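Single-structure report; data block below.
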Amino acid sequence: MEFRVNHPIIFIMVGLIIAAVIAQSIFFLLRALKRAKAIGMDKEVLKRTMIKSAIFTIAPAISIVVGVIALSHSLGIPLPWLRLSVIGSLSYEMIAAERALEAFGLNFTEAITDPQVYVTVVWVMTFGIAAGLIFAPLFGKKIQNGMDKIEKSDKKWREIFSNAMFLGMISAFLGFVFCDVANVFKGDTSGLIPVVVFAFSAVIMALCGFCSIKLKQRWMNDYALPISLICGMAIAIPVTAWLG
Amino acid sequence: MDNKKERSYLDTVHRDGRIWGFSLLAALFLFPVVLSLVFSVVPDWGALAKGALAVAPMYWAVGIIEVITYVPMLGAGGAYLSFVTGNISNLKLPCAIDAMETAGVKANSEEGEIISTVSIAVSSIVTTVIVILGVILIIPLSPVLESPVLEPAFAQMLPALFGGLGVVFISKNVKLAIAPVILMLALFISIPALNSGTVGIMVPVGVVFTLIVARIMYKKGII
């Protein structure tokens, strides 16, 4: 068969895998909801969780679409569609594809026309970024059981433990926000953009929390994270024009 | 009495998580095999080895560390879904953390496990559907989404996300937050190699460091 990066057959294959991925999510969703009912969890809480998770996801999901478009110029549409729907984030997949193309002396500027190059790129992307998908099912249970053991002995420590993990992750990203700040001393103010965006988003979040208590508007608390995310992304546009 | 039931629910989550995980893994590896058959080509083994060697050592190391770091935070169901659909630190985990926070459930309780799974499942479904819509509408959407006007908004998504998430967690755990925040600020500002590409590697460092600090503070009765 004659090869094209956007060959309908590739679309069909990718579509099948993605259908299976959606099926897995639906399966676990239904299972969790069934279990929630069995242990008598509040239906309203579950409903709110679903709605707010869906709303929160919209902006990050659109940024994934942006990634698919960026990769599609060279890899066609179905491959980035698959890779960014399964496992990959844009930065990982881009580097993997780049390294594979480099091995052929090619780069990202034009669409792949040689099926051998394409298949090789697919292999490198698949193999390079498979570790999580192999090790999570292999060791997931062991890790969880280990955690349970640490925590079972001490209820208070159990709570601090999970807070500490989340804080550890958040502090790493906070550091990342400030990573180019020092460039200000060299006259480059663009390093301040993420800091301003971060601060603005934090203020909006705090305002939402404040308003939900003062004005008794519960929804503001529920949707505070998507609201602050969108406001932060929006302010990035004028701030980048100003400091970029 | 409830303990036994809880165990059996978690056990089935683990069992099904494995079945789904390995099946999808097989499907992913089958994809290039079928491509080869359909277009009657074999991969260029030399280029494959070169490309794989360039990315695999680092990504596999990061992948293993990610499993150890994120599985306890995501919960069982959430982890099996997240390691299939990806975008963990920039989407699935913040989504689950915020969902547990507003629902008022603890991450390590069964309620937490359920809220986390529900939130990540919904997030995965919505992501996948939006990406499908994006693929269908790629021609009219491309000029809009690639426009220079919107570019900064997407470039600054992580700061916008962690500003909101950070203020909640840091304000609720001020004492515990001080040490990791200072350490990470110092590291990221002073080491140029730490940037958007390497922040993923620093997450486990931050997590382990914060756990150690938390343990010391807990033992001394400070928190």
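Computed from a predicted structure; not experimentally measured. Quick note: numbers below take in every heavy atom, side chains included, and nothing from hydrogens, waters or symmetry partners. Every chain is numbered from 1 and lettered A, B, ... according to where its sequence line falls, protein lines coming before strand lines.
- Contact annotation for Ile62(A): both backbone and side-chain heavy atoms come within less than 4.5 Å of a heavy atom of chain B.
- For the atom pair NZ (Lys106(B)) and OG (Ser162(A)), the distance works out to 8.0 Å, reported to the nearest 0.5 Å.
- Of the residues considered (Leu84(A), Val239(A), Val124(A)), Val124(A) shows the highest number of contacts with chain B, using heavy-atom pairs under 4.5 Å.
- The aromatic rings of Phe166(A) and Phe169(B) lie perpendicular to each other, with more than 60° between the two planes, well past the 30° mark.
- If you measure heavy-atom distances from Ile58(A) to chain B, the contacts under 4.5 Å come from both the backbone and the side chain.
- With hydrogens and angles ignored, the 3.5 Å screen pairs a side-chain donor or acceptor of Ser201(A) with a backbone N or O of Gly164(B).
- Although no hydrogens or angles enter the test, the distance criterion places no donor-acceptor pair under 3.5 Å between the side chain of Arg99(A) and the main chain of Ala52(B).
- Contact annotation for Ala199(A): neither backbone nor side-chain heavy atoms come within less than 4.5 Å of a heavy atom of chain B.
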Please assess Tyr59(B) against Tyr92(A) for the test ring-ring contact (aromatic ring centres under 6.0 Å, His included), listing each intermediate value before the final yes or no. CA-CA 8 Å; Tyr59(B) 285 172; Tyr92(A) 281 11; 4.7 Å; yes

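- Note that OH of Tyr80(B) and CD of Gln24(A) are 11.0 Å apart. Values are rounded to the nearest 0.5 Å.
- Contact annotation for Thr126(A): both backbone and side-chain heavy atoms come within less than 4.5 Å of a heavy atom of chain B.
- Nearest heavy-atom pair, Met165(A) versus Thr69(B), reported as atom, atom and distance to 0.1 Å: CE-O, 3.5 Å.
- With no hydrogens or angles considered, a side-chain donor-acceptor pair links Lys52(A) and Thr102(B) at under 3.5 Å.
- Using a 4.5 Å cut-off between heavy atoms, Leu29(A) touches chain B through backbone and side chain atoms alike.
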Assess the residue pair Glu110(B) and Arg35(A) against the criterion (salt bridge (Lys or Arg N to Asp or Glu O under 4.0 Å)); give the C-alpha distance rounded to whole Å, side-chain angles, the decisive distance to 0.1 Å, and a yes or no. CA-CA 10 Å; Glu110(B) 185 169 22; Arg35(A) 180 66 189 160; 2.6 Å; yes

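- Note: Leu35(B) CG to Met1(A) CE = 11.0 Å, rounded to the nearest 0.5 Å.
- Within the 3.5 Å criterion, the main-chain N or O of Val197(A) finds no donor-acceptor partner in the side chain of Gln156(B).
- For chain B, the nearby part of Ile9(A) is the side chain; its heavy atoms alone come within less than 4.5 Å.
- The candidate with the highest count of non-hydrogen atom pairs below 4.5 Å against chain A, out of Thr117(B), Thr128(B), Val118(B), is Val118(B).
- Heavy atoms closer than 4.5 Å to chain B are found in the side chain of Val68(A), but not in its backbone.
- Taking Glu66(B), Arg215(B), Glu111(B) one by one and counting their heavy-atom pairs under 4.5 Å with chain A, the maximum is reached by Arg215(B).
- Here CG of Leu165(B) is found 4.0 Å from CD1 of Ile170(A). Values are rounded to the nearest 0.5 Å.
- Evaluation of the salt bridge (Lys or Arg N to Asp or Glu O under 4.0 Å) rule for Glu101(B) yields Lys172(B) as partners, not counting sequence neighbours.
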Between Trp60(B) and Phe127(A), does the ring-ring contact (aromatic ring centres under 6.0 Å, His included) criterion hold? Intermediate values first, please. CA-CA 9 Å; Trp60(B) 277 63; Phe127(A) 176 76; 5.4 Å; yes

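- With respect to chain A, the highest number of heavy-atom pairs below 4.5 Å among Ile114(B), Leu150(B), Val126(B) belongs to Ile114(B).
- Comparing Phe11(A), Phe198(A), Phe56(A), Phe3(A) by how many heavy-atom pairs each has under 4.5 Å with chain B, the most go to Phe198(A).
- Using a 4.5 Å cut-off between heavy atoms, Val177(A) contacts chain B through its side chain alone, with no backbone atom that close.
- The choice from Ala103(A), Gly232(A), Ala202(A) that makes the most heavy-atom pairs within less than 4.5 Å of chain B is Ala202(A).
- With chain B as the partner, the residue from Asp114(A), Ile55(A), Leu16(A), Ile134(A) showing the most heavy-atom pairs under 4.5 Å is Ile134(A).
- Interatomic distance, OH of Tyr118(A) versus OG of Ser36(B), reported as 11.5 Å (0.5 Å rounding).
- In terms of heavy-atom pairs under 4.5 angstrom with chain B, the leader among Ser228(A), Ala136(A), Ala100(A), Pro115(A) is Ala136(A).
- At a 4.5 Å heavy-atom cutoff, the contact between Thr240(A) and chain B is made by side-chain atoms alone.
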Between side-chain atoms of residues 180-189 of chain B and protein atoms elsewhere (two or more places apart, or another chain), which donor-acceptor pairs fall under 3.5 Å?
none

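- Each of Pro32(B), Ala56(B), Pro192(B), Ala121(B) has some count of heavy-atom pairs under 4.5 Å with chain A, and the biggest count is that of Pro32(B).
- Heavy atoms of Ile230(A) lying under 4.5 Å from chain B are absent altogether.
- Here the side chain of Glu146(B) pairs no donor or acceptor atom with the backbone of Val66(A) at under 3.5 angstrom.
- For Leu133(A), the parts lying near chain B are the backbone and the side chain together; criterion is any non-hydrogen pair under 4.5 Å.
- If you check the side chains of Thr12(B) and Arg31(A), you find a donor sitting under 3.5 Å from an acceptor.
- Environment of CD in Glu151(B): sparse, with no more than 12 heavy atoms of neighbouring residues, nucleotides or ligands closer than 6.0 Å.
- For chain B, the option among Val45(A), Ile10(A), Leu46(A), Ile18(A) with the highest count of heavy-atom pairs below 4.5 Å is Ile10(A).
- If you measure heavy-atom distances from Leu101(A) to chain B, you find no contacts under 4.5 Å at all.
- Proximity to chain B (any heavy atom under 4.5 Å) is shown, for Met169(A), by both the backbone and the side chain.
- Once rounded to the nearest 0.5 Å, the distance linking CZ of Phe135(A) with CD1 of Ile64(B) reads 4.0 Å.
- For Leu138(A), the parts sitting under 4.5 Å from any heavy atom of chain B are the backbone and the side chain alike.
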